[in-house]
Amino acid sequence: MIFSAALLRNHIRRATVQRCRQQSTHVAKPLIGSGALRTWYNVFGSSNAGYISWIVLGVLGCEVMSGTMSDSIWNSVNQGKTYESTDWSKFVVADDDDDDDDEDDEDGDEEEEGEGDGDGDEEDEEEDDDE
């Protein structure tokens with residue numbers, strides 16, 4: 001029993017070592033080409049000011065993208081429930097009472113103006129007659 005367990009353990013070790021050796025011979029391809037990385041380094045990475053600019057621009061760009069995405073998701077979920085997406089033409093009430101009140105006010109203003117002008121003219125005529 002001890003002898004068979006040792007043989008099994010050795011067999012598993014050899015198989016594991018062979019698999020590791022086979023996997024280590026495969027070379028992974030880089031996700032970003034060396035030319036692109038070299039260009040990025042020459043533009044942004046070679047100085048502190050360039051690197052800080054890269055970070056600030058990256059943060060602002062990500063903020064704009066995430067804000068746009070969250071706004072579009074919010075608007076799609078709440079379609080018809082917000083002020084901007086409500087069709088206000090459905091709530092228009094044809095009420096002529098307001099128009100009548102406005103006409104009454106305009107008529108009253110004209111009468112007051114006419115009365116004021118007539119009084120002043122009569123006094124002027126009386127003064128002219130006395131002389």
Side-chain angles (χ1 to χ4, degrees):
M1 178 100 182
I2 295 174
F3 183 69
S4 63
L7 283 175
L8 183 62
R9 191 173 345 144
N10 285 337
H11 180 67
I12 292 173
R13 283 183 187 166
R14 286 183 190 150
T16 305
V17 169
Q18 286 178 349
R19 284 186 198 147
C20 290
R21 286 182 182 165
Q22 288 173 352
Q23 290 175 354
S24 67
T25 59
H26 293 23
V27 177
K29 295 180 181 178
L31 296 175
I32 302 173
S34 62
L37 289 175
R38 188 173 297 118
T39 303
W40 178 88
Y41 180 79
N42 289 336
V43 173
F44 295 108
S46 61
S47 68
N48 284 340
Y51 188 69
I52 290 172
S53 299
W54 168 259
I55 291 173
V56 169
L57 292 175
V59 167
L60 291 176
C62 290
E63 177 66 27
V64 167
M65 286 182 358
S66 66
T68 303
M69 269 192 342
S70 64
D71 285 345
S72 64
I73 291 170
W74 178 267
N75 289 334
S76 67
V77 170
N78 294 313
Q79 183 66 30
K81 298 177 184 177
T82 61
Y83 182 82
E84 296 166 346
S85 65
T86 302
D87 184 15
W88 292 106
S89 64
K90 295 178 182 177
F91 300 104
V92 173
V93 178
D95 190 17
D96 294 335
D97 294 338
D98 294 337
D99 295 336
D100 294 339
D101 293 338
D102 292 339
E103 291 173 5
D104 294 340
D105 292 340
E106 291 174 3
D107 294 339
D109 292 340
E110 291 173 3
E111 293 173 3
E112 292 173 5
E113 290 175 4
E115 293 172 2
D117 291 338
D119 292 338
D121 292 338
E122 292 173 4
E123 292 174 8
D124 290 338
E125 291 174 8
E126 291 175 10
E127 290 176 7
D128 292 335
D129 292 337
D130 292 336
E131 293 178 10

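Computed from a predicted model, the values in this text were never measured in an experiment. Values below: all heavy atoms of this structure, side chains included; hydrogens, waters and symmetry mates excluded.
The two residues Gly80 and Ser85 have their closest heavy-atom pair at N-OG, 2.9 Å.
Other residues, nucleotides and ligands contribute at most 12 non-hydrogen atoms within 6.0 Å of the CD1 atom of Ile32.
Take Arg14 and apply the side chain to side chain contact (heavy atoms under 4.5 Å, CB included) test, not counting sequence neighbours, and it matches no residue.
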Which donor-acceptor pairs under 3.5 Å do the side chains of residues 67-75 make with protein atoms, sequence neighbours left out?
| residue | atom | partner | partner atom | Å |
| --- | --- | --- | --- | --- |
| Thr68 | OG1 | Val64 | O | 2.8 |
| Ser70 | OG | Ser66 | O | 3.1 |
| Ser70 | OG | Gly67 | O | 3.1 |
| Ser72 | OG | Thr68 | O | 3.2 |
| Ser72 | OG | Met69 | O | 2.8 |
| Asn75 | ND2 | Asp71 | O | 3.2 |

Residues 43-56, side-chain donor-acceptor partners within the protein, below 3.5 Å, at least two apart:
| residue | atom | partner | partner atom | Å |
| --- | --- | --- | --- | --- |
| Ser46 | OG | Asn42 | O | 3.4 |
| Ser47 | OG | Gly50 | N | 3.1 |
| Ser53 | OG | Ala49 | O | 2.8 |

